[in-house]
Amino acid sequence: MEIPLVLRFEEIDAGMLPLVGGKAANLGVLTAAGFPVPAGVCLTTEAYRRVTGRSGALEAVLDALEVTSPTDTRALAELAGTARAAVLSAPVPEEVADAVRRSAHGPVAVRSSATAEDLPDASFAGQQDTFLNVVGPEAVLEAVRHCWASLWTDRAVAYRAANGIAHRSVRLAVVIQEMVQAEVAGVMFTADPVTGRRRQAVIDAAPGLGEAVVSGAVNPDRFTVDIATGRITDRRAGDKRLAVRSLAGGGVERVETPAAGTADERAASGTADERAASGTAGRRTAGGTAGGMNGIATGVARPAAEETPDGAGGAFCLTDGQVRALAELGDRVEGHYGAPQDIEWAVDPGGALWLTQSRPITTLHPIPRHAGPDEAAGASDDLDDGLRIHVCLSLAQGLHQPITPMGMAAFRLMSSAALGLLGHPVADPRAGAPRFAEAGGRLFLDVTGIMRSRVGRALLPRVLDVMEARSAVVLRTLAADPRFGVTRRSVRPALRRVLRVAGRHRVLPRALRALLRPESAHRHARATESALRAHLASPPDATALQRLDRAELILSRWTFRLVPEVAPGPLAGFAMFGLAVRLLGGRARPGELPTVLRGLPRNVTTEMDLALWHLAARIRRDAPAAALLLGTPAAELAARFHAGALPAVVEEGLREFLREYGVRAVAEIDLGVPRWSEDPAHVIGVLANYLRLDDPALAPDVQFARGAVEAEAVVEGLAARAGGLRGRVVRFALGRARALGGLREFPKFLLVTSLAAARAELAAVGGELAGRGLLASPDDVFFLTLREARTALTGPDAPTGLGAPAGANAPAGSAPSAGIRTPGGSRPSAGPEALRALVAGRREEAARERRRRHVPRVLLSDGTEPEAVAGAAVAADGALTGTPASAGGVTGLARVVLDPVGAHLEPGEILVCPSTDPGWTPLFLTAGGLVMEMGGANSHGAVVAREYGIPAVVGVARATGRIVTGQEITVDGTSGTVTVSASPAAS
């Protein structure tokens with residue numbers, strides 16, 4: 001069947017994306033749904049194929065782009081220019097030119113519609129060109145040629161490269177749409193793009209065509225509307241000094257207009273930076289044109305005129321009635337798509353309202369959804385079951401990347417086990433605890449009930465102060481919100497629960513024993529580890545189903561069962577630290593108390609890092625082995641290790657290290673992530689970094705020992721300063737804090753050990769499913785859930801009934817799915833193809849979520865991100881502010897690292913990162929300082945930084961975006977500030 005060159009909007013549906021591109025597909029959907037869309041046609045991607053298919057120059061560019069780094073912007077720009085020239089010089093076949101000429105009726109907008117554009121997970125807004133008010137067949141044909149070429153603008157090529165979109169996979173269609181000579185036009189978001197609040201329309205409007213609004217050339221009027229009630233909650237009049245209007249013979253002009261509104265209203269209208277932050281600025285196209293704000297009017301009644309508010313003085317370009325009509329239209333469009341929308345609209349001279357484009361708002365973080373039927377079971381602890389508060393536990397654990405579906409299923413089971421440990425069994429353990437929620441592959445906890453409790457709102461922020469300090473600040477702000485008022489004031493129920501749990505697990509006797517004999521606490525911890533490893537040993541002849549049973553048993557029993565055995569020790573130590581702080585009052589100087597916690601003995605993570613350092617020292621004494629590590633890629637060395645082909649000092653030392661610590665990994669709380677014993681490339685890369693550290697004074701073991709000596713000296717100084725009996729108690733308390741504080745990391749180490757054992761069992765299950773042909777590879781099992789793996793194992797041969805929970809790990813802007821669906825949205829037939837399609841779709845979702853740069857630490861159930869409402873804290877002198885984590889100061893060059901795997905950190909560089917877990921800490925040994933976006937004074941990264949004696953500031957908002965690699969920065973770990981130089985230092 002011949003592929004059509006031209007399709008009317010009425011002939012286009014959502015399944016035609018490869019033929020018509022994202023913009024045209026959306027316009028077809030909107031037209032079919034009866035929305036007021038200006039008439040038009042689409043010149044399909046077949047026309048682009050016929051024009052460019054024989055271009056040898058374009059093929060050469062595509063070949064070069066495949067081997068060009070996404071960060072090499074200069075090379076990308078040069079290749080983009082070559083591609084544009086090739087497209088513009090390519091001859092247009094006569095049948096294509098005739099099809100274009102026949103579509104040119106009256107003034108039209110000629111708009112690019114790429115196959116990677118206006119998608120649920122990536123809008124690519126403004127990456128290609130649009131030409132407005134084009135008049136005449138030849139002018140339309142010329143505009144079409146430039147639209148084709150705009151697939152290769154510098155910004156479009158760089159955007160695709162950064163987002164992992166294959167250049168060969170993208171083609172361009174062109175929309176030819178009748179113009180509206182708009183009196184007023186603009187942009188509407190059906191959710192606030194800054195705060196994330198759903199069901200709140202934000203409308204920007206200005207006289208004339210919409211280009212002035214989209215390009216950021218004008219301060220528009222802004223309206224905020226509560227969609228549910230239609231109430232206009234905020235109005236801000238812009239100056240509207242410029243209007244874009246059509247010229248009679250074609251094209252547009254920019255017209256200066258008299259200032260509108262009062263000076264106060266203009267001041268309130270917002271800066272250009274604010275408009276850019278809200279998504280209404282910056283979508284420029286080449287030549288100053290802007291994407292599709294205008295169409296032609298055909299038959300929508302003008303809303304009844306209403307008066308603007310008293311005192312507005314007629315400054316607004318829309319009446320209240322028109323604003324409400326826009327919000328109602330946005331509500332219907334969002335309802336049709338099932339997701340918040342970014343809508344372009346226009347009002348014609350007759351007052352008719354036109355919808356000229358709608359695309360998903362792809363920057364919104366998905367709202368946390370509860371995983372299973374137990375959601376209802378936990379609702380009774382709140383009097384109001386409305387607005388909810390969700391805290392991101394992924395960030396609190398130093399994990400920015402999404403968790404695999406199997407990792408999330410493990411957390412559901414573990415959350416049920418934790419509740420059982422507290423005496424609250426869950427009806428369906430695989431569904432998870434009632435307050436367990438997930439969004440975008442991240443783990444969230446519904447803390448609404450805790451914050452409505454007098455005890456909970458006092459304790460939870462204090463816990464987060466030392467774990468994730470910025471979340472604590474947000475929760476304290478929400479505590480003042482009347483929507484989250486206290487409903488449970490008595491402390492007795494909470495006290496009874498605590499005493500009951502503490503008694504059941506003998507927490508107090510164990511804590512007292514640890515205080516009296518710290519050495520016994522350490523011996524008990526190691527004995528507990530040995531017992532755990534014995535329990536986790538797997539029988540070699542177990543079937544796949546038995547291994548799945550064992551994995552569930554490990555997750556439901558052993559992950560948390562041993563925590564009460566070990567946790568009382570470090571809890572007693574930190575209780576002693578708190579006692580000393582109280583006794584000292586104001587006697588301690590800034591930075592002294594954090595210094596007390598440097599060089600803590602018996603910290604399992606510190607011991608791991610130092611063991612790796614000592615291995616590097618042994619390798620350094622073998623010159624050929626050291627040269628091999630310094631000159632060979634880590635991935636190749638890892639392959640040689642598995643083949644037993646490394647030098648003996650490396651081979652034996654690495655095996656010894658992995659026997660003890662091979663259960664660990666970067667992002668180790670996700671059991672879907674390979675352990676170091678499976679892939680030691682990261683460890684080998686760290687060893688190579690250690691070999692580059694040649695200053696004996698900076699050796700990590702030397703610094704660690706120096707930190708311990710400094711800590712002991714500070715303890716003595718503080719005790720002497722307190723004097724008398726108070727001083728002796730301070731000395732004892734701080735001594736016990738140091739003796740027991742190192743056990744802080746041990747419960748997590750036991751948890752990670754259990755996760756590694758469960759992962760090994762599940763990997764065997766994956767091997768069985770792959771052997772049956774149900775999965776493409778054994779690792780695919782980690783993109784299933786426990787239920788799905790069991791169904792696949794026990795079903796006759798078809799994985800029917802499998803699928804993600806509604807809303808689980810769905811991309812931002814997409815509607816919740818039910819069951820297995822292919823990328824096109826249709827339900828595949830049952831069988832191996834269905835299971836493979838499910839895995840492939842989830843891998844794509846995970847890849848998209850890994851590109852997400854911002855994850856909210858606290859998120860309300862209406863989508864609001866409270867921290868975005870409040871804004872980031874900035875010191876008066878312009879320094880970035882955070883939480884002091886490790887005292888001292890350092891000035892050096894910044895190294896921004898988003899993923900530690902393969903990262904290279906020169907000795908003395910300051911590590912700037914989103915968050916850390918134990919997999920990051922080997923980098924700390926060569927770092928001069930640490931800056932983290934997440935964390936608190938007692939978060940993992942802070943603890944390790946103190947022990948290594950490197951200055952650290954944590955909880956610095958957007959640090960990885962505001963600091964650039966190579967910039968000279970000063971980290972003050974005593975005051976909690978980071979001062980950034982104006983530009984990167986010369987290298």
Side-chain angles (χ1 to χ4, degrees), residues 1-13 15-25 27-28 39-65 79-117 127-132 134-153 156-157 160 166-178 250 285-287 289 292:
M1 185 174 64
E2 185 177 355
I3 301 175
L5 286 173
V6 176
L7 291 170
R8 293 180 294 110
F9 287 172
E10 293 83 354
E11 300 174 295
I12 297 173
D13 61 45
M16 295 182 178
L17 180 69
L19 185 61
V20 301
K23 186 178 274 85
L27 290 171
V41 301
C42 174
L43 184 69
T44 68
T45 57
E46 173 64 12
Y48 177 83
R49 187 193 66 79
R50 295 187 190 184
V51 169
T52 63
R54 298 178 181 177
S55 173
L58 189 57
E59 278 297 314
V61 169
L62 290 168
D63 290 340
L65 285 171
L79 290 168
T82 303
R84 287 196 303 275
V87 173
L88 288 171
S89 63
V92 180
E94 194 58 35
E95 72 274 12
V96 175
D98 286 344
V100 173
R101 294 186 184 106
R102 288 195 301 270
S103 303
H105 303 294
V108 293
V110 180
R111 311 169 64 189
S112 302
S113 180
T115 53
E117 182 179 47
Q127 298 306 313
Q128 284 83 41
D129 287 351
T130 285
F131 300 90
L132 302 177
V134 183
V135 178
E138 296 306 318
V140 172
L141 180 58
E142 185 65 14
V144 167
R145 291 169 61 93
H146 281 85
C147 281
W148 287 332
S150 73
L151 188 63
W152 301 100
T153 60
V157 170
R160 290 196 296 269
H167 299 282
R168 288 186 187 276
S169 69
V170 181
R171 290 184 178 176
L172 195 97
V174 181
V175 168
I176 302 173
Q177 188 176 26
E178 297 179 12
T285 55
T289 60

| Got a second to check how far H146's NE2 is from D129's CG, nearest 0.5 Å? | 9.0 Å

| task | Please report the C-alpha distance between W148 and V51 in whole Å, then the side-chain angles of each, then the deciding distance to 0.1 Å, and finally whether the side-chain contact (heavy atoms from CB on, under 4.5 Å) criterion is met. | result | CA-CA 9 Å; W148 287 332; V51 169; 3.6 Å; yes

| Gap between atom CG of L27 and atom CZ of F9 - 0.5 Å precision | 4.5 Å

| request: To the nearest 0.5 Å, tell me how far R111 CZ sits from Q177 CD. | output: 5.0 Å

| note | In terms of heavy-atom contacts, P137 and A104 come closest through CA-CB, 3.9 Å

| request: Give, for atom SG of C147 and atom OH of Y48, the distance between the pair rounded to the nearest 0.5 Å. | output: 12.0 Å

| said: side-chain contact (heavy atoms from CB on, under 4.5 Å), that's the test. Do L7 and M16 meet it? Break it down for me. | reply: CA-CA 11 Å; L7 291 170; M16 295 182 178; 4.0 Å; yes

| task | For E59, enumerate each residue passing the side-chain hydrogen bond (donor to acceptor under 3.5 Å, both in side chains) test, keeping only those at least two apart in sequence or located in another chain. | result | R168

| query | Under the side-chain contact (heavy atoms from CB on, under 4.5 Å) criterion, do R102 and V6 qualify, and how do the steps go? | reply | CA-CA 10 Å; R102 288 195 301 270; V6 176; over 6 Å; no

| task | Apply side-chain contact (heavy atoms from CB on, under 4.5 Å) to the pair S103 and L43, showing each step before the final yes or no. | result | CA-CA 9 Å; S103 303; L43 184 69; over 6 Å; no

| message | Nearest 0.5 Å, please: how far is CG in L62 from NE2 in H167? | response | 8.5 Å

| query | Can you name the residues that form a side-chain contact (heavy atoms from CB on, under 4.5 Å) with T45, not counting sequence neighbours? | reply | L19, T115, R171, A173

| task | Might you point out which heavy atoms bring L132 and A109 nearest each other, and give the distance in Å? | result | CD2-CB, 4.1 Å

| said: A side-chain contact here means heavy atoms from C-beta on lying under 4.5 Å apart; do L151 and R160 qualify? | reply: yes

| field | S113 side chain vs V175 backbone, donor-acceptor pair below 3.5 Å | value | no

Determine all donor-acceptor pairs shorter than 3.5 Å in which one atom belongs to a side chain in residues 80-89; sequence neighbours excluded.
from	atom 1	to	atom 2	distance (Å)
T82	OG1	E78	O	3.1
R84	NH1	W152	O	2.9
R84	NH1	D154	OD1	3.0
S89	OG	A85	O	2.9
S89	OG	A86	O	3.1

| Residue list, side-chain hydrogen bond (donor to acceptor under 3.5 Å, both in side chains) with R101, at least two apart or on another chain | E94, D98, E138

